[in-house]
There are 2 protein chains.
Amino acid sequence: MSSADAARAAELAGLLKVLSDPTRLAILDRLMQGVQCNCELGECLDLPMNLISHHLKALRRAGLVSARRDPSDRRWVYYSVNREALVRLQQEVCAFFDPGRIQVRETACPRRAGVRG
Amino acid sequence: MSSADAARAAELAGLLKVLSDPTRLAILDRLMQGVQCNCELGECLDLPMNLISHHLKALRRAGLVSARRDPSDRRWVYYSVNREALVRLQQEVCAFFDPGRIQVRETACPRRAGVRG
DNA sequence: AGTATAATTCAACGGACGTTGAAGGATATG
DNA sequence: CATATCCTTCAACGTCCGTTGAATTATACT
């Protein structure tokens with residue numbers, strides 16, 4: 001694993017960390033069913049609004065969701081899923097965990113070498 | 001999101017949590033290049049053996065890697081990636097984050113309803 | 001028996017983070 | 001101007017967990 005690969009692995013790990021929370025997945029799942037405001041998410045998932053806000057912030061930092069204010073009442077914020085982010089997520093996951101990358105060979109540990117049999 | 005979906009989301013979150021660590025991704029990446037013993041992984045990644053063991057335990061609990069003892073010297077343990085687990089991982093990720101699931105509709109928040117315009 | 005090696009387990013530390021409650025904007029309405 | 005609503009931010013708490021170092025186990029060799 002080169003250092004470039006290590007950096008990409010760290011980046012992927014960060015993205016997966018954002019998604020490794022049941023509440024955030026629930027929010028994301030909910031948002032996939034249509035645009036939602038903060039309070040509606042809170043009611044559906046039975047969670048306080050500040051907690052929803054907290055998780056939405058994390059999802060937004062990761063580029064997974066976007067926010068848009070209601071032009072006719074700027075108190076309301078509507079959240080939606082970023083289609084491109086989902087595509088990119090799928091691509092990165094499928095690239096890293098591609099079963100085709102698995103190589104079949106026995107250990108090449110230098111300590112073990114020459115002592116086999 | 002039904003309770004069954006919520007349970008599946010929690011399960012997926014748990015799996016992603018295991019993968020949301022750079023060290024574990026590095027180990028997994030390394031294992032995809034062939035069977036490795038604990039000490040070889042430790043040398044390649046410059047990490048103490050007990051830490052490798054700790055992460056391998058988590059990866060094994062998640063069913064992502066398997067272990068096999070060297071028949072000729074049972075002190076050695078060889079680790080390998082579970083191809084089926086990778087396939088399942090890809091399937092679950094692609095199912096949950098499928099962009100095709102995104103529905104286009106405006107908010108249906110009951111509080112906001114009837115006050116639009 | 002005694003030593004060496006591979007691996008695991010244990011205990012402890014420290015930082016990251018999800019959760020909670022309260023306070024602080026920002027905007028709309030009367 | 002005062003009140004209400006939506007949302008965010010802040011502070012504090014508790015827990016999870018990656019990391020570290022030391023001890024333990026299991027096996028092999030002499």
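Letters A, B, ... are given to chains in the order of the sequence lines, protein chains preceding strands, and every chain is numbered from 1. Both backbone and side-chain heavy atoms feed into the values below; hydrogens, waters and symmetry mates do not.
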Item checked: Those residues that, when tested against Arg61(A), pass side chain to side chain donor-acceptor pair (under 3.5 Å) (two or more places apart) -> none

Notebook entry, point to check: Can you list the residues that meet the side chain to side chain donor-acceptor pair (under 3.5 Å) rule with His54(A), with sequence neighbours excluded?
Noted result: none

Item checked: side chain to side chain donor-acceptor pair (under 3.5 Å) against Arg88(B), all qualifying residues, sequence neighbours excluded -> none

Margin query: Please determine whether a side-chain nitrogen or oxygen atom of Arg111(A) lies at a distance below 4.0 Å from atom OP1 or OP2 of dA6(C).
Written below: yes

Checklist line | Per Pro48(B) side chain, nearest of listed nucleotides dC7(D), dA7(C), dT20(D) | finding: dT20(D)

Item checked: Residues forming a side chain to side chain donor-acceptor pair (under 3.5 Å) with Ser66(B), sequence neighbours excluded -> Asn82(B)

Next item on the list: Return the set of residues passing salt bridge (Lys or Arg N to Asp or Glu O under 4.0 Å) with Arg60(A) (not counting sequence neighbours), or none when no residue passes.
Entry: none

Pairs under 3.5 angstrom only: tabulate donor-acceptor contacts from the side chains of residues 89-97 of chain B to other protein residues two or more places apart or in another chain.
from	atom 1	to	atom 2	distance (Å)
Gln90(B)	NE2	Cys94(A)	O	3.0
Gln90(B)	NE2	Phe97(A)	O	3.4

Next item on the list: Would you tell me if any nitrogen or oxygen in the side chain of Tyr79(B) comes within less than 4.0 Å of OP1 or OP2 on dT8(C)?
Entry: yes

Protein-nucleotides 13-15 of chain D N/O pairs closer than 3.5 Å?
none

Under 3.5 Å between N/O atoms: give me all the protein pairs with nucleotides 21-26 of chain D, atom names plus distance.
from	atom 1	to	atom 2	distance (Å)
dG21(D)	N7	Asn50(B)	ND2	2.8
dG21(D)	O6	Asn50(B)	ND2	2.9
dA22(D)	N6	Asn50(B)	ND2	3.3

Item checked: Nucleic acid contacts - residues 52-60 of chain A versus DNA chain D, non-hydrogen atoms under 4.0 Å -> Ser53(A), Lys57(A)

Note to self: With a 4.0 Å limit, can you tell me whether Thr23(A) has a side-chain N or O closer than that to the phosphate oxygens OP1/OP2 of dT19(C)?
What the structure shows: yes

Next item on the list: Name all pairs fulfilling the salt bridge (charged side-chain N to carboxylate O under 4.0 Å, His left out) condition that reach into residues 74-83 of chain A, sequence neighbours left out, sorted by first residue then second.
Entry: Asp73(A)-Arg75(A)

Show me, pair by pair, the donor-acceptor contacts under 3.5 angstrom made by side chains of residues 13-23 of chain B, not counting sequence neighbours?
from	atom 1	to	atom 2	distance (Å)
Ser20(B)	OG	Lys17(B)	O	2.8
Asp21(B)	OD2	Thr23(B)	N	3.0
Asp21(B)	OD2	Arg24(B)	N	3.0

Item checked: Nearest to side-chain heavy atoms of Asp73(A), which nucleotide of dT27(C), dC7(D), dT8(C) -> dT27(C)

Margin query: According to salt bridge (charged side-chain N to carboxylate O under 4.0 Å, His left out), does anything in residues 33-55 of chain A pair up with another residue at least two apart or in another chain? List the pairs.
Written below: Glu43(A)-Arg111(B)

